[in-house]
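Remember, predicted model here, so these are calculated numbers, not experimental data. Reminder, nothing fancy here: chain letters follow the sequence lines and each chain counts from 1.
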Amino acid sequence: EEIKMGISLGLTGPLESISPAMQKGAELAMKEVSDSGKLLDGSTVTPVVADNTCTDAAASVAAVTRLVTADGVKGVMGGMCSGETIASLEQVGVPQGVVMISPSATSPALSTIDDKGFFFRTSPSDARQGEVMADIVLERGINSVAVTYTNNDYGKGLADSFADAYKAKGGTVTVVSAHDDGKADYSAEVAALAAAGGDALVVAGYADQGGSGVIQGSLDTGAFDTFVLPDGMVNNVLVEKFGTQLETSFGQNPSAEGEGQEKFDALAKEAGFDGTSAYAGESYDAAALMLLAMQAAQSSDPKVYKDKVMEVANEPGEKIYPGELAKGLELLAAGQDIDYVGATSVELIEPGESAGVYREVDFKGGKLNVVGYR
Amino acid sequence: MSNTRQAEAVSPWRAPVLFLILAALFLAEGSFRNALFSGSWNTALAILNMGLISAVMALGVNMQWGYAGLFNAGVVGFLALGGLAPVLVSTAPVQGAWAAGGPRLILALLVGLGTLVLAAQAWKRVSGLMRVPALIVVLVLGFVLYRWLFDPAVMAIEANNSARAGNIGGLGWPVLMSWPVGALFAAAAAWGVGKVALGLRSDYLAIATLGIGEIIVAVMRNEEWLSRGVKNVSGIPRPVPYELDLQNSPDFVARAAEWGLSPAVASGIWVKLLYAGLFGIVLLGLILLAELALKSPWGRMMRAIRDNETAAEAMGKDVTRRHLQIFVIGSAVIGLAGAMMVTLDGLLSPNSFNPLRYTFLIWVMVIVGGSGNNWGAALGAILVWFLWIKAEVWGPELMRLVTGPLPAGALRDHLLGSAPHMRFIALGVVLLLVLRFAPRGLVPEK
Amino acid sequence: MQRMKVGSTMIQVHDLHKHFGGFRAVDGASLMIETGSITGLIGPNGAGKSTLFNVIAGVLKPTAGRVTMAGEDITGLPPHELFHKGLLRTFQLAHEFSSMTVRENLMMVPGSQCGETLVNTWFRRGRIREEERALRKKADEVLEFLTISHLADEKAGNLSGGQKKLLELGRTMMVDAKIVFLDEVGAGVNRTLLGTIGDAIVRLNKERGYTFCVIEHDMDFIGRLCDPVIVMAAGQVLAEGSADSIMKNEAVIEAYLGTGLKNKVAAEVAEEAAFGESHGAQPGLGAEAGRGGDGKPAGEM
Amino acid sequence: MAEPYLSATAMRGGYGKADILNGCTLTVDKGQIAVIVGPNGAGKSTAMKAVFGMLHLREGQVTLAGEDITHLTPQERVRKGMGFVPQTHNIFPTMTVEENLEMGAFIREDDYRDTMAQVYELFPAVADKRKQNAGELSGGQRQQVAVGRALMTKPSLLMLDEPTAGVSPIVMDELFDRIIEVARTGISILMVEQNARQALEIADIGYVLVQGANRYTDSGQALLADPEVRRTFLGG
Amino acid sequence: MDMLNALVAILNFVVIPAASYGAQLALGALGVTLIYGILRFSNFAHGDTMAFGAALVILITWGLQSIGIGLGPLPTALIALPVGIALTAVFILGTDRAVYRFYRSKRSAPIILVMASVGVMFIMNGLTRLIIGVDEIRFDDGARFLVSVQQFRAWTGLSEGLSLRVSQVLTLVVTALACWALFRFLNRSRAGKAMRAYSDNEDLALLSGIDPERVVRLTWIIATALAVTAGTLYGLDKSFKVFNYFQILLPIFAAAIVGGLGNPLGAVAGGFIVAFSEVAVTYPWRKIATYLGFEPQGLLQLLSTEYKFAVSFVILIVVLLFRPTGLFRGKSV
Ligand SMILES: Nc1ncnc2c1ncn2[C@@H]1O[C@H](COP(=O)(O)OP(=O)(O)OP(=O)(O)O)[C@@H](O)[C@H]1O
Ligand SMILES: Nc1ncnc2c1ncn2[C@@H]1O[C@H](COP(=O)(O)OP(=O)(O)OP(=O)(O)O)[C@@H](O)[C@H]1O
Ligand SMILES: [Mg+2]
Ligand SMILES: [Mg+2]
């Protein structure tokens, strides 16, 4: 059987620069499974890519409709941005009965959506990251911060949950203000943040979007020199761009302890892309999870295998890392349990989203260094 | 010499033939499966539905531009306002939101409105040296009072269950009722905007309305109490059955089987057909009304105003009032389309209201179709929307064709990797071709 | 429409000013147009005639001064309101509706058409159809009169310069006006046709009681039609009186009429072959020209 | 003279399908003043445009100084020494009066300040406004600027479409005077006039155009003397 | 001392950033306004012309860098700029030939040209991405700062710092020069006057012996030069990212229009108005107030930065209400 798998990403639009790595991540997993020849007695997996533009719900729905109804995909790795994901899930995924696993839609709204069990995500809801980040900041002895967030559901949700947690734990937030991605200039934002003051600046944005624009402006004008960088910002792009200017900055992103990410990085390097790019690992995991679930269910029918997704992702069972999908397939075929760890330590909690293990990082010496996990 | 432009005669068959071609495109999309078409009726109908909504938007823009020459570049704003209606009218009420600060909020809004009215009165009534101070006093006092009422109310509402709600909530009425309300919202805003900005001409009006559109969207993004801002509202009720309910109904499954369709496919098609019916009725109704108006002295008057305002004014036509009238009506139609769109999406996501997509693309539709001609605008809308969606497939396909003869290597990989961006190129090429061969639009104004 | 008795004042202009920046285009003009008259308004180029018209007709807001119509203050009213009060005007540079047909240009003129209200276009089609039939008939009559009925279905933008002027005039004939301001209807119109237009103006004046105020540089036309004639110069009223008296007024000749062709006259004198009407534009001026003219030094123009 | 300076023969053409010009012929000798009169819509302006190459001719030929220029573009004709004042849209509205005149001298390489001084002398009303935008002028003043612009070209053939429309009598006289003077310097003049009696009086040759064809062609004086012509075309 | 600190803070956070952003907008707006003034349509492809040109400049810069050519403290891109301009101009003239000329000869309404430019915009948009990809690219070399915050603090001993980047100064200088040159060119030179004449009345320009095609070519070339320069300077200052060049189009149009379309001075004034209103209206004055001896409770911010774009548009609308064709009485078609 030739199994088609959909990939729905914003290949054009505001996040067009991180989508290629995500696409490659997902395709990597599919290729790995396909090449192994072990999925459902030698089925092959063919990716079908759709451009959901990230911002245009209607275009996204149309694209996913095509994937599902025309190409007949058995699952969709996507969507990318929360708004568009909700629309395509409600319009296509649920009614057509197709599993969607999003690598990057982190809005808390997706936790409560009535998805009839068809939706999962390999990234955690932002609610939890706020807590973790508040702890990290306080532990480093920083008691007053300014917060800027990218003005979408992700940024807003994260900024709110962080601010609440931080205040509850005794920190002071001088200002919480938004920045828009893709704007020509961030002087106004930087000026406002600088005027509000604080010992560090929390930037809940994207590394190659407004987030780095704000950092650039802050460094140039000397407004801040310590930045707290959550998942969207923890990215090699940032390191390349600012190098040693981030000496005192730190952050965290959801990531597996140890092996998973490293293995994935190596695989990615081999395949010719940057595995540390935002959500590339999550994309790999999302695709892998669907395929493993098929194997577990012995069926490529999404209505059947949707019930197995949580099972393969969580304990008990043998741990499966990136590059070991073949092994996972074998084990499943043999009727054994697996615990898919993947690139990002996937651990799905109800209602089908990543629990979120975060690694704490800093940028000493112009490099991205992992400090610890929590 | 300045008038050597000649209107080429256009065959009366042109419009019907073009509509037939369009229909053929959709038929092909629904029934053939190849590199160009998907062969899925679900896809075809999904494109059609949004196409019909786009046609309504295009109709609104066409009224403003085609009839009256008003360059409204704030389409996205009126659309967004219309989209607000389904949320405020038909989502379920939010527990506790009203109690938290509803009355105070309403009072605050009334005070804000009252301040503006009072300020306008002050500007009109007071003359001489006291004019500016009086205005400032009214504005400042009004603003302070407004913020004093507004801020706590908003805080309370936004704090109410902020992860899932945090907004004032809806009334829980049927969603179809929100469509006229959406039109009303947009019309009200257009009235205010028109009062202020319609003195401007051409590109100046365009940039002013563009700004107003941006402001409206900015408000919707940032005012969480209203519609959760960037956190989006999803799960807006529908006027048609849910696919899953259909799939669970044995009746429906049986009927689907008669047609040889799987329940999932059949339910998708059926729901989309229902939507298409609803949208089609609205569209045809609007076109009928618009055509009747256009083919009567009213339409003649509007054309005269568009041609030469000074002369029309001298011939007793109240140009300002007519401009306002058509601006409001056109915006109302756009607002209606906004409400329809949000109903179809089941989602209000202020971040998706971006001017490229909802202002310029609509303009492209109107111009490609033929401004001043209702049928043309509708045709252009559905066609351009079709292309916009299909460009997603055709672009990479084109790239594959182009790179076919290239030797495998870095260049080819790079090009194939950039294939999604062919979407823009493909769209640009099509747009230029249409404009080239039908510079006054596919179905030009007679 | 109430017929006003001849002798009362239709338009009264009090000390009107219109300044563009520092430039005083109209600089304290006061004048009066009597009901039932055909008043001529002449003056050198740039005297402020069109500006005065534009202020009266509401296109420009006056810097200072007052305009009354039949005793009612109409200063600063917008043109469309003035139209409904019965004040019509034509434009010096033709303002046709260029993408509409000539007939439509005329049919759109009458105010308060039933079909101009949006709701009526949906629910009162029958009434509109009747109205349109009547309008069409009327428009065709007017076109007939202006000798351009063959162009009824032509786009107005395609008309020749003179034809546009005719259309401009035709619009004022579509409704019952109280006062019509004509800004150089004659410029670019064939003189034979201008004669006919003159007849029409007289007829409208006599039969329908229109009051006219006419700007024109063709003194034949002014002389035949107008009484009184008002002369403007530098934004002010220079002289006022019957056509004959105006044409004899030294100041007016100096500023406006001039004394004929120097070169031609010189040549004629040399050849002694003068036609009786050699200075045709100014009938009755032959004598003047003879008296004061020939040797006028070139620098004095 | 064997051949007239400008000769446009048997011109046929129009804007759309229908012909406006039906075999119209116009010729001007060196230093002559030719005047075209005729009812509104007769095709006078169209004929001028045709001579200037702004209209596609289906038939007919235009020669200037013996050279066939039928297929030249208007700019090329300007460089051959033709100057034209259209009936409408004949100024640059957002440029000052002075710049308007400069544009008239655009193709001239020599010093044109003299000519400009002469134009200002001819039209003193306009001279006062030399720094003002031409679009803000009165109707008659615009017309003066338009003619002034053409005079700046120092053409060998000057074509004027109703140069006196809307100008006051005193200026009109000056204008005709100047035209005579200009003609005496050897420049050919082709003009359309509705102030036909004055114009024909100074005309060496007059054309009466009706429906795109020549109805009468004669010397100006002869046409003026023809009662039929006077009654039908010159307003009695 | 506190007075000085307040002053430096305002300079550092409001005046200098707004001025350099304003200059960037102004430079872009100059091109838009020129096209509008002469060819009489709003060119939506302008933002993508900036991106396209900047992309070419980057490619050339990389070439130069790889063979070791540089300008010392100034960015190498400045050497690449003329070549980039030339190449882009060739491309743009090609689009004129293939697209716009047709509509000109048909005397289509301006809106048709606008729509055609939208088509060109899409194509250039895609092409640029094909050429250089969608990633963020930094290509500035040489010195980044003229004055950096640390240096400034060390020199003056103030607690507030001040930074001035090379690219900011470059932008300001280039904008001033370009505006001055363009203004002189249009109002004094023969070719410039021919361009204005053409824009006023095409037919009459023809009758005056002006070659319209030459005027059009010249206009495109100048506009392209402005666009590529603007695009490159913007990229040097902020880093190059294709998507942002579309986004900057909106404020550029706003700047061109608020100043009055067709007027170079207007474009510059408009650029600064938009930039300063964005930064100044949303600036929280608390810090300044503290330096001046007040102890304010809140941030003293008139409006939050979320509304900064809205603020600049409100100002723009207010300006237009009192001056319907912009500050400098621009054209309108
Ligand atoms: N918008 C304007 N800005 C500046 N000056 C103006 C404006 N409009 C008119 N003028 C000036 O006002 C004066 C009067 O112009 P107006 O058009 O009233 O003259 P007119 O008497 O009608 O002349 P004509 O007989 O030539 O039509 C002229 O000198 C003209 O230059
Ligand atoms: N651009 C055009 N398109 C179509 N028809 C036109 C156009 N311009 C003029 N015509 C028609 O051509 C005919 C001749 O026009 P033309 O302008 O040559 O007349 P004219 O003799 O100059 O008249 P006038 O004395 O009124 O200026 C008219 O019937 C007019 O309707
Ligand atoms: Mg006048
Ligand atoms: Mg003519």
Residue of the set E:Val166, E:Leu74, E:Thr61, E:Leu236 for which side chain to side chain contact (heavy atoms under 4.5 Å, CB included) holds with E:Asp140: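 Exactly one candidate clears the test, E:Leu236.
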Given heavy-atom pairs under 4.5 angstrom as the criterion, report whether the side chain, backbone, both or neither of [X] touches chain E.
{"X": "A:Gln216", "answer": "side chain"}
{"X": "A:Asn151", "answer": "side chain"}
{"X": "A:Thr12", "answer": "neither"}

Which bit of [X] comes within less than 4.5 Å of chain A, counting heavy atoms only: side chain, backbone, both or neither?
{"X": "E:Phe145", "value": "side chain"}
{"X": "E:Ser148", "value": "neither"}
{"X": "E:Phe243", "value": "both"}

Best-contacting candidate, E:Arg129, E:Arg286, E:Glu278, E:Gln24, against chain A by heavy atom pairs under 4.5 angstrom: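 Among the listed options, the one with the most contacts to chain A is E:Arg129.
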Intermediate values then yes/no, ring pair (Phe, Tyr, Trp, His ring centres under 6.0 Å), A:Phe250 and A:Phe363: CA-CA 6 Å; A:Phe250 56 92; A:Phe363 297 85; 9.0 Å; no
Under a 3.5 Å cutoff, is there a donor and acceptor pairing between the side chains of [X] and [Y]?
{"X": "E:Glu136", "Y": "E:Ser239", "result": "yes"}
{"X": "A:Asp185", "Y": "E:Tyr234", "result": "no"}
{"X": "A:Glu84", "Y": "A:Asn52", "result": "yes"}
{"X": "A:Thr172", "Y": "A:Ser144", "result": "no"}

Toward chain A: residues of residues 244-256 of chain E with heavy atoms under 4.5 Å: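 Hits under 4.5 Å: E:Asn244, E:Gln247, E:Ile248.
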Any A:Met77 side-chain heavy atom under 4.5 Å of A:Tyr284 side chain: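 The answer is no; the side chains never approach within 4.5 Å.
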Mutual orientation of the aromatic rings belonging to A:Tyr166 and A:Phe162 [parallel < 30°, tilted 30-60°, perpendicular > 60°]: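 Rings of A:Tyr166 and A:Phe162: parallel, under 30°.
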Row check, A:Tyr186 ring normal vs E:Lys308 NZ/CZ: under 6.0 Å, within 45°: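 Here E:Lys308 passes the 6.0 Å and 45° test against A:Tyr186.
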For chain E, the option from A:Ala178, A:Gly222, A:Ser212, A:Ser177 that forms the most heavy-atom pairs under 4.5 Å: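 Highest number of pairs under 4.5 Å: A:Ala178.
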Closest-packed option against chain E by number of heavy-atom pairs under 4.5 Å, given A:His179, A:Glu240, A:Glu189: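 Result: the option with the highest number of such pairs is A:Glu189.
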Name of the residue among E:Arg165, E:Arg138, E:Arg144 meeting salt bridge (charged side-chain N to carboxylate O under 4.0 Å, His left out) with E:Asp237: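 Result: among E:Arg165, E:Arg138, E:Arg144, E:Arg165 is the only option passing the salt bridge (charged side-chain N to carboxylate O under 4.0 Å, His left out) with E:Asp237.
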